[in-house]
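Values in this document were obtained by computation on a predicted structure and should not be read as measured data. In the text below, chain A, chain B and the rest are named by the order of the sequence lines, each starting its count at 1. Because only heavy atoms are used, hydrogens play no part in the values below, and waters and symmetry mates are left out as well, while side chains stay in.
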2 protein chains.
Amino acid sequence: MDSEGGASIAGQLRRDLGRLTPNERRVAHRLLADYPMAGLDTAARFGEAAGVSAPTVLRMIAKLGFASYGAFQDRLKAELAAQRETPLTKGGTRPDGDPLDAFALAAIANLRATAENVPREEFDATVRLIADRRRPLHLLGGRFTDAIAAYMAAHLRVLRPQVQHIEGQPAAWFDRLLDIGKQDVIILFDIRRYSDDLLVFAERAARQGARIVLVTDQWLSPISKVARHVLPAHVPAPSVWDSSAGLLLIVEALTAAVVAEQGGTARDRLEALERLRRGD
Amino acid sequence: MDSEGGASIAGQLRRDLGRLTPNERRVAHRLLADYPMAGLDTAARFGEAAGVSAPTVLRMIAKLGFASYGAFQDRLKAELAAQRETPLTKGGTRPDGDPLDAFALAAIANLRATAENVPREEFDATVRLIADRRRPLHLLGGRFTDAIAAYMAAHLRVLRPQVQHIEGQPAAWFDRLLDIGKQDVIILFDIRRYSDDLLVFAERAARQGARIVLVTDQWLSPISKVARHVLPAHVPAPSVWDSSAGLLLIVEALTAAVVAEQGGTARDRLEALERLRRGD
DNA sequence: TCTACATTGTAACGTATATTTCAGTTCGAC
DNA sequence: GTCGAACTGAAATATACGTTACAATGTAGA
């Protein structure tokens, strides 16, 4: 990682230790001993922990080349964030085995992370919204995720009336806004390389009072700012594209939960549909 | 870790999400999406990132039971420090009964079984077929799986020309047969409650010499009898419907493998597309 | 011992930040 | 529709913090 003084603050610290005054060195040692947490405290408390005054801490930071204590802390946080990034299976160093296995492992990790991070309140609230048959339902997705929206729509149409998958050109979407009001529920799918068109649509729909449910990735589409409910999935995959497995998990779990919520009604509907299909 | 909302702030957040007002919930989502780094910023910047004002952040923090924003940040730092000491290895799951967890576990089992059971020769042969740009490609699925076909088509269209997703009424499918010959590749998706229409279409296409790739379930659609390559996925799920996660895994792994197979060509195409989209 | 310089903490300062107040707005219930 | 309650952000306020100036102390070399 920082075997030689360089990239990280810790490395630079070890390298520049000689240029520091005795008390500044105590600060450096304190930071290295409790890295990087000690540096996230206030300058005064950091100093106290090292047994020196705040100005000594500031002088040490300045010698490292930081313009301010804040800049120093920002850098520490950035290092922390980079380290936390994908603790498992990160950075193209795969002893490249089978692509299917590699993808399966990534997808499994995504499903785990998704199941863990979806807030149950949001999930349950969404189920109730979908199960409420009086509310018209509209589904829509981005360039790739629109297929997931179609998948969900196909299933929900079996469970309840008034399920619309909004298709076609973005310009045509807005025709739908005419009839969208407070009662309507819009389920949107939007992951990385977030769609501007979707955002505009969501904003207008929100202004008209529609309830917006957003299924997005772990970094949250900007649509989250106007969404009533947000369901985040994890999507990283060993590919040029993200994986939609987490989105699919949310969709399938939602539909299963809606069936459970509706109980006998849904099953009656399913059976009726079966009879219709068979033609008797 | 936080199998049940409690110990960590993240868990408490997910549990108390219901008590929060809409904008407070945005704050919570932002924190969960970028946990815990988002909370280490100043309240104002944290709020800005979530699209709300600083007071809303403070109110949310107060509802969590913290006396001040500083106390909240101290707690986050403490969690970070604790996590750093014990790298990973956590296995806590939610008390079962949670539909998302149940579905995730089933889907994970399906992915494992799928990765294990897909014959590598079939997978590799399919990759080569798709990567061959001279061969026109047609994709088609059943009532629910057609969305998976659309998903795959959307990705493949980026990688190569001549990718057709066959849509619309089954009667209209057969128009396509006019121009289908030995060069054409047809990728079909068909799982339980196998589609008669799809079978008929596959048989006619096979008679005209088209190469048929079938993505199906572990029990194999009857189309397997006329298919050149068969890729079986495991689909059982705790729901009235099967899960398509295994199909999605195959699709995503295939597209990733095609990109790898095509090498620089595919990446050039991707970059060219990016430029076109940006308009420069 | 004296002087020049480096080192360090105290205290004062100004700014950035958390916190509170309050008025405008939205939303749901009747 | 009308009313009341809940929600939210702008602005005002208080506080904590980083930062700076300066005096006290220590240190090295004549």
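Remark: C1' of D/dC7 and CZ of B/Arg26 are 12 Å apart, rounded to the nearest angstrom. Distance, A/Lys182 NZ to C/dA29 P: 13 Å, rounded to whole Å. Counting to the nearest Å, the P atom of D/dC17 and the CD atom of A/Glu48 are 12 Å from each other. What separates CZ of A/Arg207 from P of C/dT26 is a distance of 12 Å, to the nearest Å. Atom pair A/Asp41:CG and D/dG18:C1' shows a separation of 14 Å (rounding to whole Å applied).
Distance alone, capped at 3.5 Å, places no donor-acceptor pair between the A/Thr145 side chain and the A/Ile148 backbone. Side-chain atoms of B/Arg26 come within 3.5 Å of backbone N or O of A/Lys225 as a donor-acceptor pair. A donor-acceptor pair is defined here as one N or O able to donate and one able to accept, closer than 3.5 Å; such a pair exists between the side chain of A/Gln73 and the backbone of A/Leu40.
The 5' end of DNA chain C is approached more closely, in terms of each residue's nearest nucleotide, by A/Gly51 than by the other of A/Gly51 and A/Arg211. Place B/Ala44 and A/Glu24 on DNA chain C by their nearest nucleotides, and A/Glu24 ends up nearer the 5' end.
Ring orientation note: the planes of A/Phe46 and A/Phe72 are close to parallel, at an angle under 30° on the 30°/60° scale.
Nearest to the side chain of A/Thr42, among D/dC17, C/dG28, C/dT7, sits D/dC17.
Between A/Thr21 and C/dT8 there is a side-chain N or O to OP1 or OP2 distance below 4.0 Å. Within the structure, a side-chain polar atom (N or O) of B/Asn23 is placed less than 4.0 Å from OP1 or OP2 of D/dT8.
Residue A/Tyr194 forms a side-chain contact (heavy atoms from CB on, under 4.5 Å) with just one option from A/Leu199, A/Thr216, A/Leu220, and that option is A/Thr216. Checking A/Lys63, A/Arg19, A/His29 one by one against A/Glu24, the side-chain hydrogen bond (donor to acceptor under 3.5 Å, both in side chains) holds for a single residue, A/Lys63.
For DNA chain C, the residues of residues 52-74 of chain A within the heavy-atom distance limit of 4.0 Å (strictly under) are A/Val52, A/Ser53, A/Pro55, A/Thr56, A/Arg59, sorted by number.
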